[in-house]
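No experiment lies behind these values; they were computed from the predicted model shown.
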Amino acid sequence: QVQLVESEGGLVQAGGSLRLSCAASGRTFSSYAMGWFRQAPGKEREFVAHISYSGAGTYYADSVKGRFTISRVNAKNTVYLQMNSLKPEDTAVYYCAASYSGNYPDSNREYDYWGQGTQVTVSS
């Protein structure tokens with residue numbers, strides 16, 4: 001079992017920045033690729049970013065590429081999502097997730113464990 005706990009999100013103005021973190025406990029953190037997803041009201045959960053086991057590889061949704069950065073510190077069992085140049089359409093509940101297989105990084109079905117989610121609201 002892996003337990004994932006996201007940091008508190010928040011309210012930020014358009015153009016601003018916010019960093020989310022997700023702390024993992026349980027099994028060896030470095031055995032899991034990690035991802036961030038988000039879900040806006042009335043919409044399906046969508047992929048945001050993925051990072052490989054070691055952190056050497058990253059992958060982003062087109063909608064956040066160049067604005068968001070995913071990173072991880074395995075020694076701290078933590079994955080981060082740095083969000084810059086935020087837009088109102090980034091408003092959503094953000095979830096971190098852990099994938100043992102590391103395959104199909106943009107598919108939520110590939111992730112084995114999920115955090116509880118944290119609200120990010122971007123005002124215009």
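Scanning all heavy atoms of the two residues, the minimum distance from Thr78 to Ala23 falls at OG1-CA, 4.2 Å. When all heavy atoms are compared, the tightest approach of Ser7 to Thr118 is O-OG1, 2.9 Å.
Remark: side-chain polar atoms of Thr91 are not paired, donor with acceptor, to backbone N or O of Thr121 under 3.5 angstrom. For Tyr80 (side chain) and Val73 (main-chain N/O), no donor-acceptor pair under 3.5 Å exists by modelled atom type. Using modelled atom types, one side-chain atom of Arg72 and one backbone atom of Phe29 make a donor-acceptor pair closer than 3.5 Å. In this structure, Glu6 contributes its side chain and Gly117 its backbone to a donor-acceptor pair below 3.5 Å. Judged by distance alone, with hydrogens and angles left aside, the side-chain atoms of Ser30 form no donor-acceptor pair with the main-chain N or O of Thr28 at under 3.5 Å.
Using cut-offs of 30° and 60° on the angle between ring planes, the pair Tyr94 and Phe68 is tilted.
Side-chain contact check for His50 and Tyr111: at least one donor-acceptor pair (N or O, by modelled atom type) lies under 3.5 Å. Remark: the Glu110 side chain and the Asn108 side chain contain no N/O donor-acceptor pair separated by less than 3.5 Å. Defined by atom type and a distance below 3.5 Å, a donor-acceptor pair is present between the side-chain atoms of Ser25 and Gln3.
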>> Determine whether Lys87 and Asp90 satisfy the following criterion, salt bridge (Lys or Arg N to Asp or Glu O under 4.0 Å), listing intermediate values before the conclusion.
In response: CA-CA 5 Å; Lys87 305 175 181 180; Asp90 294 318; over 6 Å; no
>> For Tyr32 and Val2: C-alpha separation, side-chain torsions, deciding distance, then whether side chain to side chain contact (heavy atoms under 4.5 Å, CB included) applies.
In response: CA-CA 10 Å; Tyr32 292 84; Val2 174; 3.7 Å; yes
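Side-chain contact between Val5 and Cys22 is absent, with no heavy atoms from C-beta onward closer than 4.5 Å. Contact of the Leu81 side chain with the Thr69 side chain is not registered, since no non-hydrogen atoms from C-beta on lie closer than 4.5 Å. Between Tyr60 and Ile70 the shortest side-chain heavy-atom distance falls below 4.5 Å. At least one side-chain heavy atom of Gln82 sits less than 4.5 Å from a side-chain heavy atom of Ser17. By the 4.5 Å heavy-atom criterion applied to side chains, Leu4 and Met34 are counted as neighbours.
Between the OG atom of Ser99 and the OH atom of Tyr104 there is a distance of 12.0 Å, given to the nearest 0.5 Å. Leu86 CG to Ser124 OG: the interatomic distance, rounded to the nearest 0.5 Å, is 13.0 Å. Separating the CG atom in Asp112 from the OG atom in Ser101 is a distance of 6.5 Å, to the nearest 0.5 Å. From Lys65, atom NZ reaches atom OG1 of Thr58 across 9.5 Å, with rounding to the nearest 0.5 Å. We find the CG-CD distance between Leu18 and Gln13 to be 13.0 Å, quoted to the nearest 0.5 Å.
In summary, the aromatic rings of Phe37 and Phe47 are positioned with their centroids under 6.0 Å apart.
By the rule that hydrophobic residues join a cluster once side-chain heavy atoms approach within less than 4.5 Å of another member, Tyr53 and Tyr100 end up as members of separate clusters. Under a hydrophobic-cluster definition in which Ile, Leu, Val, Met, Phe, Trp and Tyr are linked whenever side-chain heavy atoms come within less than 4.5 Å, directly or via other members, Val12 and Leu20 are assigned to the same cluster.
Summarising the local packing, OH of Tyr113 is surrounded by more than 12 heavy atoms from other residues, nucleotides or ligands at distances under 6.0 Å.
At least one test fails for Arg38 against the ring of Tyr95: distance under 6.0 Å to the centre or angle within 45° of the axis.
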